[in-house]
Student: 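The following block contains the structure, expressed as structure tokens.
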Amino acid sequence: MTHRISARTALLLTLPPLLWAGNAVVGRLAVGHVPPLALNALRWWLALALLLPLGWRALRRFDDITGRWKHLALLGLVGVGCYNALQYVALRTSTPINITLIAASSPLWMLGVGALFYREHPTLRQGVSAVCSLAGVALVLSRGSLDTLLQVRLVQGDLLMLLAAALWAVYSWMLARPPRPMHGTARPAWNWAEFLLVQVLFGSLWASVFAGVERAIAPSDIDWSPWVLAALAYVAIGPSVLAYRCWGLGVSTVGPALAALFANLTPLFAALLSAALLGELPRWYHGVAFALIAAGIVVSARRR
């Protein structure tokens with residue numbers, strides 16, 4: 001199925017990449033100040049506190065949660081617990097641009113997960129749009145030079161981010177294709193805040209377990225400062241609550257495969273944010289890459 005994207009939907013799908021790019025830059029700056037898995041756990045517990053006033057009613061209908069706890073636990077694991085934990089760990093050895101570029105491989109992961117587990121085989125149009133988007137990613141990675149692209153080497157952080165991208169594809173398909181209700185039951189009538197609250201509740205538990213393991217294996221204290229507090233506030237509000245709300249709406253409207261193409265804007269935003277922090281102006285290849293990624297979105301969004 002193909003979809004025509006409205007201006008509202010385009011905005012919903014563009015805002016998360018911008019916020020996630022900022023998350024990558026902040027995560028890189030936090031290296032040496034906050035342990036990565038502790039940063040992830042603090043981020044989601046703060047997000048949970050922000051969501052409680054909006055989605056607390058979901059906790060009153062506890063049977064809705066216990067009856068679907070396996071699905072919700074898996075959703076919280078791959079979308080909240082693992083993806084962001086892997087990203088913060090990856091940023092210890094990789095850069096925000098590299099991390100977001102690797103995350104931009106999500107269209108291929110989306111198509112693969114859809115074909116393997118949901119019997120959604122990619123169309124030629126989807127294949128062409130994915131190639132356009134990845135060409136834009138490669139252009140940024142190579143800085144417009146084929147020699148530079150051929151010399152790229154993946155470090156440990158890059159490999160961790162490949163795993164994170166695969167898990168994000170699983171998460172997005174789980175959002176788009178929730179399990180059928182059991183006999184005699186109905187899906188909970190949760191609004192966006194209630195559903196996100198339940199996800200974050202399970203995800204925060206996973207994140208806390210991972211942070212506990214990190215503390216036991218490699219104990220490290222948090223270097224508390226006004227900057228660290230501001231960073232925590234940003235990652236809890238922007239990339240967590242706002243971005244996940246917009247992403248969930250976008251995926252439910254156009255599907256995970258098309259939404260993944262918008263996620264490819266993240267490395268471009270990361271490049272611009274990184275350049276701004278370093279005082280460097282964007283290069284010509286940023287503009288060309290943006291055009292290629294936008295072309296991929298347009299190709300996939302057009303009606304037959």
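This one's a predicted model, so the numbers in the text were calculated from it and none came from an experiment.
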Student: By ring-ring contact (aromatic ring centres under 6.0 Å, His included), which residues pair with W227, not counting sequence neighbours?
Tutor: H33

Student: Taking 4.0 angstrom as the limit, do D64 and R57 come out as a salt bridge?
Tutor: no

Student: Can you tell me how far apart CG (L201) and CG (L59) are? Round to the nearest 0.5 Å.
Tutor: 6.5 Å

Student: Can a donor-acceptor pair be found, under 3.5 Å and without considering hydrogens, that links the side chain of S208 to the backbone of S204?
Tutor: yes

Student: With no hydrogens and no angle check, is any side-chain donor or acceptor of T93 less than 3.5 Å from a backbone partner on G157?
Tutor: yes

Student: If every non-hydrogen atom of P36 is compared with every non-hydrogen atom of V89, which pair is closest and at what distance?
Tutor: CB-N, 3.7 Å

Student: What closest approach, in Å, do L15 and C246 show between heavy atoms, and which atom pair accounts for it?
Tutor: CD2-SG, 3.9 Å

Student: Side-chain contact test, heavy atoms from C-beta onward, threshold under 4.5 Å: evaluate it for S274 versus V25 and give yes or no.
Tutor: yes

Student: State, yes or no, whether a side-chain contact exists between I65 and F202 at a heavy-atom distance under 4.5 Å.
Tutor: yes

Student: Heavy-atom distance under 4.5 Å between the side chains of D223 and V34, does that happen here?
Tutor: no

Student: If you take all heavy atoms of L46 and A236, which pair is closest and at what distance?
Tutor: CB-CB, 3.6 Å

Student: Compare all side-chain heavy atoms of W192 with those of L54 and state whether any distance is below 4.5 angstrom.
Tutor: yes

Student: Which word best sums up how the rings of Y244 and W168 line up, parallel for under 30°, tilted for 30 to 60°, or perpendicular for over 60°?
Tutor: perpendicular

Student: Taking all non-hydrogen atoms of both residues, which atom of P219 and which atom of A216 are closest, and how far apart?
Tutor: CD-O, 4.2 Å

Student: Apply the test side-chain contact (heavy atoms from CB on, under 4.5 Å) to residues M161 and L86: give CA-CA distance (whole Å), side-chain angles for both, the deciding distance (0.1 Å), then the verdict.
Tutor: CA-CA 6 Å; M161 201 59 208; L86 288 169; 5.7 Å; no

Student: Run the numbers on H71 and M174 for side-chain contact (heavy atoms from CB on, under 4.5 Å), then give the verdict.
Tutor: CA-CA 9 Å; H71 172 72; M174 290 179 68; 3.5 Å; yes

Student: Ignoring hydrogens and angles, tell me if any N or O in the side chain of R215 forms a donor-acceptor pair with the backbone of S220 under 3.5 Å.
Tutor: yes

Student: Would you check if the side chain of R68 reaches a backbone N or O of A73 as a donor-acceptor pair within less than 3.5 Å?
Tutor: no

Student: Within a strict 4.5 Å, meaning less than it, do heavy atoms of the W45 and L232 side chains meet?
Tutor: no

Student: Quick one: does S240's side chain have a donor or acceptor within less than 3.5 Å of a partner on I237's backbone?
Tutor: no

Student: On a heavy-atom basis, which atom in A270 and which in A21 lie closest, and how many Å separate them?
Tutor: N-CB, 3.4 Å

Student: If every non-hydrogen atom of S94 is compared with every non-hydrogen atom of I99, which pair is closest and at what distance?
Tutor: CB-CD1, 3.8 Å

Student: Atom CG in N23, atom OH in Y234: separation rounded to 0.5 Å?
Tutor: 6.5 Å

Student: With a 6.0 Å cut-off (strictly less than), is the heavy-atom count around CZ of R61, excluding the residue itself, greater than 12?
Tutor: yes

Student: Do the side chains of V80 and V78 join up, straight or via other hydrophobic residues, at under 4.5 Å, putting them in one cluster?
Tutor: yes

Student: If you measure from CD on E194 to CD on Q199, what distance do you get to the nearest 0.5 Å?
Tutor: 12.5 Å

Student: Does any N or O in the side chain of W20 come within less than 3.5 Å of the main-chain N or O of P239, such that one atom is a donor and the other an acceptor?
Tutor: yes

Student: Indicate yes or no for a side-chain donor-acceptor contact from R28 to the backbone of P96 under 3.5 Å, with no hydrogens or angles considered.
Tutor: no

Student: Below 4.5 Å, heavy atoms only, C-beta onward: do P35 and I222 meet side chain to side chain?
Tutor: yes

Student: Measuring from atom OH of Y88 to atom CG of L37, what distance do you get when rounded to the nearest 0.5 angstrom?
Tutor: 11.0 Å

Student: Rounded to the nearest 0.5 Å, how far does CZ of F210 lie from SG of C82?
Tutor: 4.0 Å

Student: Is it the case that one hydrophobic cluster holds both L11 and L18, taking links as side-chain heavy atoms less than 4.5 Å apart, direct or via other members?
Tutor: no

Student: With clusters defined by side-chain heavy atoms of hydrophobic residues (ILVMFWY) lying less than 4.5 Å apart, directly or transitively, does L197 cluster with F62?
Tutor: yes

Student: Is it possible for you to say whether W56 and W190 belong to one hydrophobic cluster, with membership spreading through side-chain heavy-atom contacts below 4.5 Å?
Tutor: no

Student: Apply side-chain contact (heavy atoms from CB on, under 4.5 Å) to F262 and T9, showing your working.
Tutor: CA-CA 11 Å; F262 279 86; T9 302; over 6 Å; no

Student: CD/Q87 to CG/L39 distance, rounded to the nearest 0.5 angstrom?
Tutor: 10.0 Å

Student: I'd like to know if the side chain of E214 reaches the main chain of A38, judged simply by a donor and an acceptor atom lying under 3.5 Å from each other, with no hydrogens or angles considered.
Tutor: yes

Student: Between W247 and L19, is any pair of side-chain heavy atoms under 4.5 Å apart?
Tutor: no

Student: Any link between V170 and L163 through a network of hydrophobic side chains (Ile, Leu, Val, Met, Phe, Trp, Tyr) touching at under 4.5 Å?
Tutor: yes

Student: Provide the full list of salt bridge (Lys or Arg N to Asp or Glu O under 4.0 Å) pairs with a residue in residues 16-26, sequence neighbours left out, each pair given once.
Tutor: none

Student: Between L205 and V209, is there a side-chain heavy-atom distance shorter than 4.5 Å?
Tutor: no

Student: List, by chain and then residue number, the residues other than I217 in its hydrophobic cluster (Ile/Leu/Val/Met/Phe/Trp/Tyr, side-chain heavy atoms under 4.5 Å); write none if there are no others.
Tutor: V213

